[in-house]
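Working notes, beginning with the structure itself.
All ligand and atom numbering here is 1-based and tracks the order in the structure. When reading the values below, keep in mind they use all heavy atoms of this one structure, side chains included, and skip hydrogens, waters and symmetry mates. These figures come from a predicted structure and were not determined experimentally.
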Amino acid sequence: MGGSSGLLIATDFTGIRKTMNIITGKAKVAAVLGWPVEHSRSPLLHNFWLNRYGIDGVYIPLAVKPENFKKVIIGLSASGFKGCNITIPNKEIAFSCCDEVDEIARKIGSVNTLTFKNDGKIFGTSTDGAGFIESLRDHNIRIKNCNVLILGAGGAARSVISSLAHEKAKITIANRTNSRALQLAQDLGTGNVIAWDAWTSLLGQYDLLVNTTSLGMEGKESFDFDLSKAKSGLVVTDIVYVPRLTPLLKVAKEFNLKTIEGLGMLLHQARFGFREWFGVDPKVDSETIEYVAKTIRE
Ligand code: ATR
(Lines give C-alpha, C1' and ligand atoms only; values in the text may rest on other atoms or scores of the structure.)
Protein backbone atom coordinates (compact mmCIF):
# COMPACT_ATOMS: atom_id res chain seq x y z
CA MET A 1 0.00 0.00 0.00
CA GLY A 2 1.11 3.53 -0.74
CA GLY A 3 0.48 4.78 2.85
CA SER A 4 -1.43 8.03 3.25
CA SER A 5 -2.16 8.39 -0.46
CA GLY A 6 -4.57 5.43 -0.28
CA LEU A 7 -2.92 3.58 -3.14
CA LEU A 8 -2.53 -0.14 -3.68
CA ILE A 9 0.43 -1.42 -5.69
CA ALA A 10 -0.86 -3.11 -8.83
CA THR A 11 -0.29 -3.28 -12.57
CA ASP A 12 -3.14 -2.28 -14.82
CA PHE A 13 -3.77 -3.45 -18.36
CA THR A 14 -1.59 -0.84 -20.05
CA GLY A 15 1.26 -1.61 -17.69
CA ILE A 16 2.02 2.10 -17.20
CA ARG A 17 0.53 2.71 -13.76
CA LYS A 18 1.71 0.65 -10.86
CA THR A 19 -0.88 1.85 -8.39
CA MET A 20 -4.60 1.41 -7.83
CA ASN A 21 -6.90 3.56 -5.77
CA ILE A 22 -8.55 2.24 -2.63
CA ILE A 23 -12.23 3.18 -2.72
CA THR A 24 -13.69 3.90 0.72
CA GLY A 25 -17.23 4.70 1.82
CA LYS A 26 -16.29 8.38 1.54
CA ALA A 27 -15.23 8.10 -2.09
CA LYS A 28 -16.26 10.90 -4.44
CA VAL A 29 -18.14 9.43 -7.39
CA ALA A 30 -18.66 10.77 -10.91
CA ALA A 31 -19.71 9.23 -14.23
CA VAL A 32 -20.02 9.62 -17.98
CA LEU A 33 -23.49 9.14 -19.47
CA GLY A 34 -23.85 8.16 -23.11
CA TRP A 35 -25.77 5.89 -25.45
CA PRO A 36 -23.70 4.00 -26.34
CA VAL A 37 -20.95 4.68 -23.84
CA GLU A 38 -18.44 1.89 -24.52
CA HIS A 39 -16.33 4.02 -26.84
CA SER A 40 -15.77 6.70 -24.18
CA ARG A 41 -12.18 7.20 -23.01
CA SER A 42 -13.36 9.35 -20.08
CA PRO A 43 -13.40 6.54 -17.45
CA LEU A 44 -9.85 5.61 -18.38
CA LEU A 45 -8.69 9.23 -18.20
CA HIS A 46 -10.43 10.23 -14.95
CA ASN A 47 -9.39 7.05 -13.13
CA PHE A 48 -5.82 7.58 -14.34
CA TRP A 49 -5.86 11.04 -12.75
CA LEU A 50 -7.56 9.74 -9.57
CA ASN A 51 -4.71 7.25 -9.23
CA ARG A 52 -2.06 9.81 -10.03
CA TYR A 53 -3.28 12.29 -7.40
CA GLY A 54 -4.13 9.59 -4.81
CA ILE A 55 -7.77 10.70 -4.58
CA ASP A 56 -10.41 8.58 -2.84
CA GLY A 57 -12.76 8.60 -5.83
CA VAL A 58 -14.09 6.69 -8.79
CA TYR A 59 -15.47 7.49 -12.25
CA ILE A 60 -17.78 5.07 -14.04
CA PRO A 61 -19.42 4.66 -17.48
CA LEU A 62 -23.24 4.59 -17.54
CA ALA A 63 -25.15 3.58 -20.68
CA VAL A 64 -28.25 5.81 -20.55
CA LYS A 65 -30.86 6.05 -23.30
CA PRO A 66 -32.17 9.57 -23.99
CA GLU A 67 -35.66 8.61 -22.78
CA ASN A 68 -34.23 7.63 -19.36
CA PHE A 69 -31.84 10.53 -19.06
CA LYS A 70 -33.82 12.86 -16.77
CA LYS A 71 -34.72 10.24 -14.19
CA VAL A 72 -31.12 8.95 -14.12
CA ILE A 73 -29.82 12.48 -13.48
CA ILE A 74 -32.26 12.96 -10.61
CA GLY A 75 -31.17 9.59 -9.18
CA LEU A 76 -27.45 10.35 -9.47
CA SER A 77 -27.86 13.72 -7.84
CA ALA A 78 -29.93 12.20 -5.01
CA SER A 79 -27.36 9.45 -4.42
CA GLY A 80 -24.43 11.75 -3.79
CA PHE A 81 -22.68 11.74 -7.17
CA LYS A 82 -20.48 14.81 -7.54
CA GLY A 83 -21.37 15.22 -11.20
CA CYS A 84 -21.04 13.71 -14.64
CA ASN A 85 -19.92 14.12 -18.21
CA ILE A 86 -22.43 13.83 -20.98
CA THR A 87 -21.70 12.41 -24.38
CA ILE A 88 -23.74 11.81 -27.54
CA PRO A 89 -26.76 11.84 -27.83
CA ASN A 90 -27.63 13.40 -24.46
CA LYS A 91 -25.94 16.82 -24.52
CA GLU A 92 -29.08 18.78 -25.41
CA ILE A 93 -31.35 16.92 -22.97
CA ALA A 94 -28.72 17.51 -20.29
CA PHE A 95 -28.96 21.24 -20.97
CA SER A 96 -32.69 21.10 -20.23
CA CYS A 97 -32.03 19.37 -16.87
CA CYS A 98 -29.86 22.20 -15.51
CA ASP A 99 -30.93 24.71 -12.86
CA GLU A 100 -27.97 26.92 -13.80
CA VAL A 101 -25.79 27.11 -16.90
CA ASP A 102 -22.95 29.42 -17.88
CA GLU A 103 -22.80 31.76 -20.87
CA ILE A 104 -21.11 29.29 -23.23
CA ALA A 105 -23.71 26.57 -22.54
CA ARG A 106 -26.54 29.06 -23.08
CA LYS A 107 -24.99 30.11 -26.37
CA ILE A 108 -24.65 26.60 -27.79
CA GLY A 109 -27.71 25.04 -26.11
CA SER A 110 -25.95 21.92 -24.89
CA VAL A 111 -23.71 20.80 -22.01
CA ASN A 112 -21.08 18.09 -21.58
CA THR A 113 -20.38 18.58 -17.85
CA LEU A 114 -22.82 18.63 -14.93
CA THR A 115 -22.01 19.40 -11.30
CA PHE A 116 -24.45 18.38 -8.55
CA LYS A 117 -24.17 21.13 -5.98
CA ASN A 118 -24.63 20.75 -2.24
CA ASP A 119 -27.90 22.72 -2.33
CA GLY A 120 -29.36 20.16 -4.80
CA LYS A 121 -29.02 22.44 -7.84
CA ILE A 122 -27.55 21.15 -11.09
CA PHE A 123 -24.96 23.31 -12.84
CA GLY A 124 -24.09 22.68 -16.49
CA THR A 125 -21.39 23.86 -18.85
CA SER A 126 -19.81 22.86 -22.12
CA THR A 127 -16.05 22.41 -21.98
CA ASP A 128 -15.45 21.08 -25.51
CA GLY A 129 -14.61 24.49 -26.97
CA ALA A 130 -12.35 25.44 -24.07
CA GLY A 131 -10.64 22.05 -24.40
CA PHE A 132 -10.04 22.77 -28.07
CA ILE A 133 -8.52 26.20 -27.28
CA GLU A 134 -6.24 24.65 -24.62
CA SER A 135 -5.04 22.03 -27.10
CA LEU A 136 -4.09 24.86 -29.51
CA ARG A 137 -2.29 26.66 -26.67
CA ASP A 138 -0.26 23.50 -25.99
CA HIS A 139 1.12 24.07 -29.50
CA ASN A 140 1.65 27.82 -29.02
CA ILE A 141 -0.96 28.79 -31.61
CA ARG A 142 -1.89 32.49 -31.55
CA ILE A 143 -5.67 32.59 -31.74
CA LYS A 144 -6.43 36.32 -31.74
CA ASN A 145 -6.99 37.51 -35.35
CA CYS A 146 -6.18 34.02 -36.66
CA ASN A 147 -8.04 33.28 -39.92
CA VAL A 148 -9.80 30.01 -39.23
CA LEU A 149 -11.65 27.78 -41.67
CA ILE A 150 -14.09 25.40 -39.97
CA LEU A 151 -15.32 22.31 -41.81
CA GLY A 152 -18.75 21.30 -40.51
CA ALA A 153 -21.71 22.95 -38.81
CA GLY A 154 -22.91 20.33 -36.30
CA GLY A 155 -22.80 20.33 -32.51
CA ALA A 156 -19.02 20.03 -32.38
CA ALA A 157 -18.60 23.01 -34.71
CA ARG A 158 -20.94 25.03 -32.49
CA SER A 159 -18.68 24.53 -29.42
CA VAL A 160 -15.43 25.13 -31.29
CA ILE A 161 -16.69 28.27 -33.09
CA SER A 162 -18.10 29.82 -29.89
CA SER A 163 -14.77 29.45 -28.11
CA LEU A 164 -12.69 30.62 -31.08
CA ALA A 165 -14.93 33.68 -31.46
CA HIS A 166 -14.54 34.40 -27.74
CA GLU A 167 -10.76 34.43 -28.32
CA LYS A 168 -11.26 36.86 -31.25
CA ALA A 169 -10.38 34.54 -34.12
CA LYS A 170 -11.80 35.35 -37.59
CA ILE A 171 -14.04 32.48 -38.59
CA THR A 172 -15.27 31.03 -41.88
CA ILE A 173 -17.58 28.00 -42.01
CA ALA A 174 -17.85 25.49 -44.87
CA ASN A 175 -20.48 22.77 -44.56
CA ARG A 176 -21.89 20.20 -46.96
CA THR A 177 -25.37 21.55 -46.14
CA ASN A 178 -24.98 25.27 -46.65
CA SER A 179 -28.21 26.24 -44.88
CA ARG A 180 -26.94 24.63 -41.66
CA ALA A 181 -23.75 26.72 -41.80
CA LEU A 182 -25.80 29.89 -42.35
CA GLN A 183 -28.05 29.01 -39.42
CA LEU A 184 -25.04 28.37 -37.18
CA ALA A 185 -23.42 31.68 -38.10
CA GLN A 186 -26.71 33.44 -37.41
CA ASP A 187 -27.29 31.68 -34.07
CA LEU A 188 -23.79 32.45 -32.82
CA GLY A 189 -23.66 35.90 -34.38
CA THR A 190 -20.29 35.14 -35.95
CA GLY A 191 -18.61 33.53 -38.97
CA ASN A 192 -18.64 33.99 -42.73
CA VAL A 193 -20.03 31.09 -44.70
CA ILE A 194 -18.50 29.71 -47.90
CA ALA A 195 -19.76 26.92 -50.15
CA TRP A 196 -18.58 23.39 -49.34
CA ASP A 197 -17.34 22.99 -52.92
CA ALA A 198 -15.16 26.09 -52.62
CA TRP A 199 -13.11 25.49 -49.47
CA THR A 200 -10.13 23.73 -51.05
CA SER A 201 -9.60 26.48 -53.63
CA LEU A 202 -9.87 29.23 -50.97
CA LEU A 203 -7.53 27.54 -48.50
CA GLY A 204 -4.64 29.97 -49.19
CA GLN A 205 -6.47 32.63 -47.13
CA TYR A 206 -6.42 30.72 -43.84
CA ASP A 207 -3.99 30.18 -40.96
CA LEU A 208 -5.88 27.35 -39.27
CA LEU A 209 -8.07 24.57 -40.67
CA VAL A 210 -10.34 22.65 -38.28
CA ASN A 211 -12.28 19.55 -39.24
CA THR A 212 -15.33 19.24 -36.99
CA THR A 213 -17.17 16.80 -39.28
CA SER A 214 -17.19 13.05 -38.79
CA LEU A 215 -15.26 12.60 -42.06
CA GLY A 216 -12.30 10.31 -41.47
CA MET A 217 -13.56 8.93 -38.15
CA GLU A 218 -13.11 5.17 -37.77
CA GLY A 219 -16.15 3.44 -39.25
CA LYS A 220 -17.38 6.61 -41.01
CA GLU A 221 -16.93 7.97 -44.52
CA SER A 222 -13.62 9.50 -45.50
CA PHE A 223 -12.95 12.28 -47.99
CA ASP A 224 -10.37 13.21 -50.56
CA PHE A 225 -8.88 16.17 -48.69
CA ASP A 226 -7.05 18.47 -51.11
CA LEU A 227 -4.61 20.78 -49.35
CA SER A 228 -2.59 21.73 -52.43
CA LYS A 229 -3.77 25.38 -52.22
CA ALA A 230 -2.80 25.80 -48.54
CA LYS A 231 -0.24 28.37 -47.55
CA SER A 232 2.91 26.90 -46.04
CA GLY A 233 2.10 28.20 -42.54
CA LEU A 234 -1.34 26.57 -42.37
CA VAL A 235 -1.97 24.62 -39.16
CA VAL A 236 -4.31 21.66 -39.63
CA THR A 237 -6.37 20.24 -36.78
CA ASP A 238 -8.97 17.53 -36.55
CA ILE A 239 -11.29 17.01 -33.62
CA VAL A 240 -11.65 13.36 -34.65
CA TYR A 241 -9.21 11.31 -32.54
CA VAL A 242 -9.98 7.75 -33.64
CA PRO A 243 -7.72 7.12 -35.51
CA ARG A 244 -5.13 9.52 -34.11
CA LEU A 245 -3.65 10.16 -37.54
CA THR A 246 -6.84 10.99 -39.44
CA PRO A 247 -6.96 11.10 -43.26
CA LEU A 248 -6.88 14.93 -43.08
CA LEU A 249 -3.82 14.99 -40.80
CA LYS A 250 -2.12 12.43 -43.01
CA VAL A 251 -2.53 14.63 -46.10
CA ALA A 252 -1.38 17.68 -44.10
CA LYS A 253 1.81 15.86 -43.13
CA GLU A 254 2.42 14.98 -46.78
CA PHE A 255 2.33 18.73 -47.49
CA ASN A 256 4.69 19.37 -44.53
CA LEU A 257 2.00 21.37 -42.71
CA LYS A 258 1.88 21.61 -38.91
CA THR A 259 -0.77 19.27 -37.49
CA ILE A 260 -2.58 19.06 -34.14
CA GLU A 261 -4.39 15.84 -33.32
CA GLY A 262 -7.82 15.68 -31.66
CA LEU A 263 -6.71 13.84 -28.55
CA GLY A 264 -5.54 17.04 -26.83
CA MET A 265 -9.05 18.50 -26.96
CA LEU A 266 -10.51 15.34 -25.41
CA LEU A 267 -8.02 15.44 -22.54
CA HIS A 268 -8.36 19.17 -21.86
CA GLN A 269 -12.18 19.19 -21.96
CA ALA A 270 -12.12 16.74 -19.03
CA ARG A 271 -10.12 18.99 -16.72
CA PHE A 272 -12.96 21.28 -15.63
CA GLY A 273 -15.18 18.43 -14.37
CA PHE A 274 -12.29 16.71 -12.61
CA ARG A 275 -11.42 19.95 -10.81
CA GLU A 276 -15.04 20.57 -9.78
CA TRP A 277 -15.73 17.05 -8.51
CA PHE A 278 -12.38 15.90 -7.14
CA GLY A 279 -10.74 19.21 -6.17
CA VAL A 280 -7.49 18.94 -8.16
CA ASP A 281 -6.61 20.61 -11.48
CA PRO A 282 -5.20 17.63 -13.41
CA LYS A 283 -2.27 18.00 -15.75
CA VAL A 284 -2.41 17.02 -19.40
CA ASP A 285 1.17 15.88 -19.99
CA SER A 286 2.91 13.34 -22.18
CA GLU A 287 2.23 10.53 -19.68
CA THR A 288 -1.52 11.29 -19.78
CA ILE A 289 -1.53 11.43 -23.58
CA GLU A 290 0.42 8.17 -23.81
CA TYR A 291 -1.91 6.43 -21.37
CA VAL A 292 -5.09 7.27 -23.30
CA ALA A 293 -3.43 6.96 -26.72
CA LYS A 294 -2.60 3.31 -26.00
CA THR A 295 -6.28 2.52 -26.48
CA ILE A 296 -6.47 4.28 -29.86
CA ARG A 297 -5.26 3.03 -33.22
CA GLU A 298 -2.44 5.18 -34.68
P1 ATR B 1 -21.72 16.55 -34.18
O2 ATR B 1 -22.71 16.98 -33.14
O3 ATR B 1 -20.80 15.47 -33.71
O4 ATR B 1 -20.98 17.70 -34.79
P5 ATR B 1 -23.64 16.36 -36.34
O6 ATR B 1 -24.47 17.42 -35.75
O7 ATR B 1 -24.31 15.17 -36.91
O8 ATR B 1 -22.58 15.79 -35.32
O9 ATR B 1 -22.70 17.02 -37.47
C10 ATR B 1 -21.86 16.29 -38.27
C11 ATR B 1 -21.14 17.22 -39.25
O12 ATR B 1 -20.40 16.41 -40.17
C13 ATR B 1 -22.08 18.05 -40.09
O14 ATR B 1 -21.45 19.28 -40.39
C15 ATR B 1 -22.24 17.21 -41.34
O16 ATR B 1 -22.62 17.92 -42.48
P17 ATR B 1 -24.19 18.17 -42.82
O18 ATR B 1 -24.64 19.30 -41.95
O19 ATR B 1 -24.21 18.48 -44.26
O20 ATR B 1 -24.89 16.86 -42.49
C21 ATR B 1 -20.83 16.69 -41.49
N22 ATR B 1 -20.77 15.48 -42.32
C23 ATR B 1 -21.13 14.24 -41.96
N24 ATR B 1 -20.93 13.38 -42.98
C25 ATR B 1 -20.44 14.11 -44.02
C26 ATR B 1 -20.03 13.81 -45.36
N27 ATR B 1 -20.08 12.59 -45.85
N28 ATR B 1 -19.56 14.83 -46.13
C29 ATR B 1 -19.49 16.09 -45.66
N30 ATR B 1 -19.87 16.44 -44.39
C31 ATR B 1 -20.33 15.46 -43.59
Side-chain angles (χ1 to χ4, degrees), residues 32-42 64 66 69 85-96 104-105 107-113 124-133 135 148-165 171-188 190-203 208-227 236-243 246-251 261-266 268-270 296:
V32 54
L33 279 62
W35 184 262
V37 78
E38 295 98 83
H39 66 282
S40 174
R41 265 71 179 182
S42 295
V64 181
F69 188 81
N85 286 125
I86 316 296
T87 186
I88 291 164
N90 292 326
K91 291 184 183 185
E92 283 82 19
I93 315 166
F95 178 83
S96 69
I104 189 96
K107 206 157 194 181
I108 66 176
S110 72
V111 295
N112 72 345
T113 308
T125 184
S126 174
T127 64
D128 288 329
F132 177 72
I133 298 291
S135 76
V148 187
L149 176 58
I150 305 282
L151 303 182
R158 205 166 265 268
S159 304
V160 165
I161 293 170
S162 297
S163 294
L164 282 170
I171 296 154
T172 301
I173 309 165
N175 192 49
R176 178 181 58 178
T177 311
N178 195 259
S179 57
R180 227 178 151 197
L182 289 166
Q183 186 66 52
L184 181 59
Q186 190 184 325
D187 290 351
L188 298 179
T190 189
N192 298 319
V193 174
I194 59 167
W196 178 248
D197 295 341
W199 73 264
T200 51
S201 58
L202 298 175
L203 206 51
L208 178 67
L209 173 66
V210 188
N211 177 39
T212 72
T213 74
S214 50
L215 289 168
M217 190 186 289
E218 194 170 68
K220 296 268 167 85
E221 260 177 274
S222 191
F223 187 73
D224 199 8
F225 292 103
D226 175 8
L227 303 185
V236 180
T237 69
D238 203 325
I239 70 161
V240 171
Y241 60 88
V242 183
T246 62
L248 173 63
L249 297 184
K250 208 169 171 183
V251 174
E261 63 172 332
L263 193 55
M265 172 178 172
L266 172 80
H268 278 291
Q269 64 76 29
I296 300 170

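- Among the candidates Thr246, Thr213, Leu263, Leu249, the single residue satisfying the side-chain contact (heavy atoms from CB on, under 4.5 Å) test with Val240 is Thr246.
- For ligand 1, the polar-atom distance check finds an N/O of Thr177 within less than 3.5 Å of one of the ligand's N/O atoms.
- Side-chain atoms of Ser135 come within 3.5 Å of backbone N or O of Phe132 as a donor-acceptor pair.
- Every heavy atom of Phe223 sits 4.0 Å or more from the atoms of ligand 1.
- With hydrogens left out, the protein atom closest to atom 16 (O) of ligand 1 is Asn175 OD1, 3.3 Å, a heavy atom.
- Asp128 and Asn112 are linked by a side-chain donor-acceptor pair at a separation below 3.5 angstrom, with hydrogens and angles left out of the test.
- One N or O on the side chain of Thr212 and one on the backbone of Leu151 form a donor-acceptor pair closer than 3.5 Å.
- Proximity of His39 to Thr87: side-chain heavy atoms (C-beta onward) are separated by under 4.5 Å at one or more points.
- Each of the following atoms of ligand 1 lies closer than 4.0 Å to a heavy atom of Glu221: 27 (N).
- The N/O atoms of Ala156, backbone and side chain alike, include one that comes under 3.5 Å of an N/O atom in ligand 1.
- For atom 18 (O) of ligand 1, the nearest non-hydrogen atom from the set Arg158, Arg180, Glu92 belongs to Arg180.
- With hydrogens left out, the protein atom closest to atom 23 (C) of ligand 1 is Ser214 OG, 3.4 Å, a heavy atom.
- Every N/O-N/O distance between Ile88 and ligand 1 stays at or above 3.5 Å.
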For a quick test of your reading: what N or O donor-acceptor pairs under 3.5 Å do the side chains of residues 175-183 make, sequence neighbours left out?
| residue | atom | partner | partner atom | Å |
| --- | --- | --- | --- | --- |
| Asn175 | OD1 | Ala153 | N | 3.2 |
| Asn175 | ND2 | Thr177 | O | 3.0 |
| Gln183 | NE2 | Asp187 | OD1 | 2.9 |

For residues 214-227, dump all side-chain donor-acceptor pairs below 3.5 Å to protein atoms at least two apart in sequence or in another chain.
| residue | atom | partner | partner atom | Å |
| --- | --- | --- | --- | --- |
| Glu218 | OE2 | Arg297 | NE | 2.8 |
| Glu218 | OE2 | Arg297 | NH2 | 3.4 |
| Asp226 | OD1 | Ser228 | N | 2.9 |
| Asp226 | OD1 | Ser228 | OG | 2.7 |

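- No N or O atom of Thr213 sits closer than 3.5 Å to an N or O atom of ligand 1.
- Given atom 8 (O) of ligand 1, the protein heavy atom at minimum distance is Gly155 N, 4.4 Å.
- Here's the thing with Ala153: one of its N/O atoms is less than 3.5 angstrom from an N/O atom of ligand 1.
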